[in-house]
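This one's a predicted model, so the numbers in the text were calculated from it and none came from an experiment.
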Amino acid sequence: MSQFIEPRQRLVDTGELTYFRESEITAITELFGNVAHRFSTYEKRGVNSAGEFVGHGMISTQFIMTAAGWKISAMAWDDQRPGLSIPEHYR
């Protein structure tokens with residue numbers, strides 16, 4: 001987890017990243033017993049030392065039901081970029 005947090009924290013601490021917001025736009029959730037999968041599209045916006053930026057992408061999140069409720073068991077994401085567009089059925 002620290003491998004994810006530390007580089008991003010440095011951007012904030014140094015002032016290179018001054019604003020960031022990520023919002024879920026659409027999602028498809030499927031359940032089977034005690035497991036679930038959510039495929040979400042997102043939009044991210046921010047301000048860094050280069051100026052304002054906007055991006056889109058998809059997140060795949062897997063969940064498992066525990067005695068304490070639903071818990072995330074895995075998460076992966078990727079940003080849309082030239083050659084990689086979000087499929088229409090996820091928009």
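We find the CD-CG distance between Glu6 and Leu11 to be 12.5 Å, quoted to the nearest 0.5 Å. Interatomic distance, CG of Leu17 versus CZ of Arg10, reported as 13.5 Å (0.5 Å rounding). Note: Trp77 CH2 to Glu22 CD = 8.5 Å, rounded to the nearest 0.5 Å. Taken from OG in Ser73 to CD in Gln62, the straight-line distance is 6.0 Å, to the nearest 0.5 Å.
Among residues two or more places apart in sequence or in another chain, the ring-ring contact (aromatic ring centres under 6.0 Å, His included) test is passed with Phe39 by His37, Tyr90.
A donor-acceptor pair under 3.5 Å is formed between the side chain of Arg81 and the backbone N or O of Asp79. Checked by atom type and distance alone, the side chain of Gln80 never pairs as donor or acceptor with a backbone atom of His56 at under 3.5 Å. Between the side chain of Thr26 and the backbone N or O of Arg91 there is no donor-acceptor pair closer than 3.5 Å.
Put simply, Val35 and Ile72 are part of two different groups of oily side chains (I, L, V, M, F, W, Y) that touch within less than 4.5 Å, one to the next. Cluster membership for Met75 and Ile28, using ILVMFWY side-chain heavy atoms within less than 4.5 angstrom, is not shared. Criterion: ILVMFWY side-chain heavy atoms under 4.5 Å apart, direct or through other members. Under it, Ile59 and Ile64 are not part of a common hydrophobic cluster.
A cation-pi arrangement, defined by a distance under 6.0 Å to the six-membered ring centre and an angle within 45 degrees of its axis, is present between Arg8 and Phe4.
Here the closest heavy-atom approach between residue Phe63 and residue Thr61 is recorded as CZ-CG2, 3.4 Å. Listed here is the closest heavy atom pair of Trp70 and Met65: NE1-CE, 3.1 Å. Considering all non-hydrogen atoms of both residues, Tyr42 and Asp78 come closest at OH-O, 3.2 Å.
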